[in-house]
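One structure is given here, and the rest of the page talks about it.
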Amino acid sequence: MTTDKSFYVTSPIYYVNDAPHIGHAYTSLACDVLARFKRLDGYRVRFLTGTDEHGQKVEKSAQAAGVDPQAFSDRNSAKFRNLSQALGLSNDDFIRTTEPRHIAACQEIWRRLKERGQIYLGSYSGWYSVRDEAYYAEGELVTAPDGEKRAPTGADVEWVEEPSYFFKLSAWQQPLLDYYAKHPDFVLPQARLNEVMSFVKSGLQDLSVSRTSFRWGIPVPEDPAHVMYVWLDALTNYLTSVGFPDTKTDDYRAFWPADVHMVGKDILRFHAILWPAFLMAADLEPPKRVFAHGWWTIEGQKMSKSLRNVVDPIELAKKYGLDQVRYFLLRELPFGNDGDFSHKAIVHRTNGDLANDYGNLAQRVLSLIARNCAGRVPTPGPLDDADNALLGAAHGLLAEVRADIDVQAFHEALDRIWTVVRAANGYVDRQAPWALAKSDVPRMGTVLYVLAETIRHLGLLAQPFMPGVTGKLLDQLAVPADQRTFASIGPGSALTPGTELPKPTGIVPRYVEATP
RNA sequence: GGCGGAGUAGCUCAGGUGGCUAGAGCAGCGGAAUCAUAAUCCGUGUGUCGGGGGUUCGAAUCCCUCCUCCGCUACCA
């Protein structure tokens with residue numbers, strides 16, 4: 001399908017100093033659902049993910065591991081690439097900040113900012129701990145019993161100054177506030193925009209955007225003693241992927257400004273304040289939306305290395321099934337909220353919603369057809385009110401789900417689809433096609449046709465969330481590959497009576513506890 | 001401390017520009033059915049809508065106040 005509609009969604013680039021965990025998977029899956037939905041809805045889509053590889057932490061971790069930072073980054077970046085594969089992500093690009101294309105983009109952004117007088121050389125001063133190799137903010141310091149200021153780690157701190165380039169962030173306070181006012185949906189959930197605005201209102205200071213204290217970063221053009229501040233480096237990846245600094249390319253024109261930057265709530269500020277400020281200062285357009293989602297606890301506990309409860313998403317997918325994990329993460333809680341991931345919850349949720357409601361609906365309908373209609377799509381007769389009500393609900397779903405997806409309300413979208421799943425199960429019981437098989441065969445055909453059409457829609461619409469399960473469902477309805485986009489929603493692409501169907505098999509297994 | 005959000009059935013939440021007998025899912029209880037993955041369907045909630053006060057013919061929904069919880073309050077990412 002050709003179209004002039006385009007959609008650009010990004011995950012953050014993940015820091016190679018971390019091991020992939022459920023939080024990374026969550027962000028990426030949300031992006032993936034958006035990307036898949038928009039593709040099915042006729043958009044030209046670009047979904048970007050990747051890894052963030054510069055910074056003092058990486059430099060130090062590499063040192064500790066006895067390898068050079070590039071080798072360290074190569075190794076850990078590969079873990080995130082594997083994660084994308086294991087999750088079945090449909091990303092169109094995987095960017096690494098150590099790639100030449102990205103270094104070029106960053107240096108060009110820098111030049112632009114410099115030319116436009118947005119960056120100046122000054123000196124960065126602050127409380128520095130030699131032992132921790134880190135600066136601390138005034139507020140973080142603690143006063144020791146002897147009256148001396150100490151780092152929160154207890155280390156000695158000293159007041160030091162180093163030369164640094166600064167970005168005139170202070171100049172963008174009002175333009176940012178104007179931008180927020182003009183784009184009230186720039187940050188979602190809305191409560192997060194309030195936080196961002198109050199932060200900006202409280203006053204912005206110029207930002208140190210270069211460092212001389214370590215080397216693992218992108219050299220500042222014409223002053224290679226400095227490397228760029230990691231966030232200026234990292235955020236620019238969103239531009240790199242669409243071809244920047246070449247703003248004339250097809251990709252750049254189609255995809256910039258980005259439609260959604262999906263981020264965890266911890267990095268919202270960088271995306272909602274620094275990033276639009278950098279862009280405006282470079283005379284580039286700010287993104288259309290930043291969505292800040294919440295965090296998962298594990299069995300009621302915060303995930304942490306020390307608790308050793310860090311969940312490997314690949315293991316989860318192996319244990320529960322990839323589509324089950326996808327469904328659970330996006331259905332269990334309002335997107336944006338924090339939630340708890342527990343074994344009990346995912347089993348309850350997926351057995352109840354997926355196996356019992358969704359999978360079993362498909363199975364009962366398909367096997368009724370297999371047994372009573374010689375395995376062919378039945379021929380419908382006249383439709384009564386009950387038939388029209390169910391079909392109408394199925395046909396009307398797209399518009400409603402689309403509205404939910406457009407504000408990243410994944411849980412609402414799924415809830416809405418499930419109202420039709422439940423309605424369909426109720427319809428099966430009330431119509432009792434197994435009884436009609438003995439009393440009124442033509443009516444039975446109508447009922448089963450209505451049901452087949454209904455599950456076709458339920459299959460089409462759930463594709464972004466569960467590509468595997470829905471693929472099996474659509475296969476069993478003999479829906480051709482080219483009739484699986486949302487263009488096939490509605491009666492225009494209805495199943496053709498008489499079409500031969502494959503033998504039905506279950507599409508979603510129940511999770512059965514291993515008996516000890 | 002400052003700013004912001006939230007407190008609604010056992011659980012998770014929706015509603016909230018004031019006005020149908022306050023809703024959904026799950027759990028529980030009762031029943032039906034037997035096509036299906038022992039899956040499904042139907043029925044069932046006397047809830048102080050956090051407490052108190054106020055405005056109003058009428059408030060979960062507006063105002064005041066109190067209590068509780070949560071988030072944000074910049075340069076490791």
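Each chain gets a letter, A, B and so on, in the order the sequences are listed, and its residues count up from 1.
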Would you tell me if any nitrogen or oxygen in the side chain of A/Arg371 comes within less than 4.0 Å of OP1 or OP2 on B/A36?
yes
Taking atom types as they are modelled, would you say the side chain of A/Asn356 forms a donor-acceptor pair with the base of B/A39 within the 3.5 Å cutoff?
no
Of all the choices, [options], which nucleotide is nearest to the side chain of [X] once you look at every atom?
X: A/Asn360; options: B/C42, B/C13, B/A39; value: B/A39
X: A/Arg430; options: B/A27, B/C42, B/U37; value: B/C42
X: A/Asn425; options: B/A27, B/A77, B/U40; value: B/U40
X: A/Arg364; options: B/C35, B/C41, B/A77; value: B/C35
X: A/Tyr124; options: B/U37, B/C76, B/C75; value: B/C75
X: A/Leu368; options: B/C75, B/C35, B/U40; value: B/C35
X: A/Gln363; options: B/C42, B/A74, B/U37; value: B/U37
X: A/Leu169; options: B/U37, B/A74, B/C26; value: B/A74

Using the [atom1] atoms only, state how far [M] lies from [N], rounded to an integer number of Å.
N: B/U17; M: B/U37; atom1: C1'; answer: 48 Å
N: B/C67; M: B/G52; atom1: C1'; answer: 11 Å
N: B/C13; M: B/G47; atom1: C1'; answer: 15 Å
N: B/A36; M: B/G30; atom1: C1'; answer: 24 Å
N: B/U8; M: B/U61; atom1: C1'; answer: 12 Å
N: B/A6; M: B/G15; atom1: C1'; answer: 15 Å
N: B/C69; M: B/G51; atom1: C1'; answer: 15 Å
N: B/A74; M: B/G10; atom1: P; answer: 41 Å

Using modelled atom types and a 3.5 Å cut-off, is there a donor and acceptor pairing between side-chain atoms of A/Trp216 and backbone atoms of A/Glu53?
yes
Do A/Phe335 and A/Tyr26 have ring centres separated by under 6.0 Å?
yes
Base, sugar-phosphate alone, or nothing: which one does [X] contact when heavy atoms must sit under 4.0 Å apart?
X: A/Leu274; value: nothing
X: A/Ile507; value: base
X: A/Val508; value: base
X: A/Leu366; value: nothing
X: A/Asp353; value: nothing
X: A/Glu332; value: nothing
X: A/Gly264; value: nothing
X: A/Arg211; value: base
X: A/Gly359; value: base
X: A/Asn351; value: nothing

Separation of atom [atom1] in [X] from atom [atom2] in [N], rounded to whole Å:
X: A/Ile267; N: B/C75; atom1: CD1; atom2: C1'; answer: 15 Å
X: A/Tyr427; N: B/C42; atom1: OH; atom2: C1'; answer: 18 Å
X: A/Trp418; N: B/A24; atom1: CH2; atom2: P; answer: 20 Å

For Watson-Crick and G-U wobble pairs within 3.5 Å on both distances, what is RNA chain B written in dot-bracket notation, | included for inter-strand pairing?
((((((((.[[[[.)...(...]]]].(((((.......))))).....[[[[[..)....]]]]])))))))....
Closer to the 5' end of RNA chain B via nearest nucleotide, is it A/Val230 or A/Gln205?
A/Gln205
Of A/Ala355 and A/Asp429, the one whose closest nucleotide on RNA chain B sits nearer the 5' end is A/Ala355
Indicate yes or no: at least one non-hydrogen side-chain atom of [X] is less than 4.5 angstrom from one of [Y].
X: A/Met466; Y: A/Arg326; answer: no
X: A/Ile417; Y: A/Leu458; answer: yes
X: A/Ser73; Y: A/Thr51; answer: no
X: A/Val325; Y: A/Pro313; answer: no
X: A/Leu193; Y: A/Tyr180; answer: yes

Is the charged tip of A/Arg422 near the ring of A/Tyr358: under 6.0 Å from the six-membered ring centre and within 45° of its axis?
no
Below 4.0 angstrom, which residues in residues 188-202 of chain A have at least one non-hydrogen atom near RNA chain B?
A/Arg192, A/Asn194, A/Glu195, A/Ser198, A/Phe199
Can you name the one residue among A/Thr236, A/Asn237, A/Asp233 that meets side-chain hydrogen bond (donor to acceptor under 3.5 Å, both in side chains) with A/His102?
A/Asp233
Using distance only, find each side-chain donor-acceptor pair of residues 290-297 of chain A under 3.5 Å and give its atom names and separation, not counting sequence neighbours.
| residue | atom | partner | partner atom | Å |
| --- | --- | --- | --- | --- |
| A/His293 | ND1 | A/Val263 | O | 3.3 |
| A/His293 | NE2 | A/Thr27 | OG1 | 3.3 |
| A/Thr297 | OG1 | A/Gly339 | O | 3.3 |
| A/Thr297 | OG1 | A/Asp340 | OD1 | 2.7 |

Using the rule given for ring-ring contact (aromatic ring centres under 6.0 Å, His included), can you reason through A/His24 versus A/Tyr14, listing the C-alpha separation, both sets of side-chain angles and the distance that settles it, and then say yes or no?
CA-CA 7 Å; A/His24 300 113; A/Tyr14 301 120; 4.8 Å; yes
Walk me through whether A/Arg96 and A/Asp52 qualify under salt bridge (charged side-chain N to carboxylate O under 4.0 Å, His left out).
CA-CA 6 Å; A/Arg96 301 183 54 187; A/Asp52 181 13; over 6 Å; no
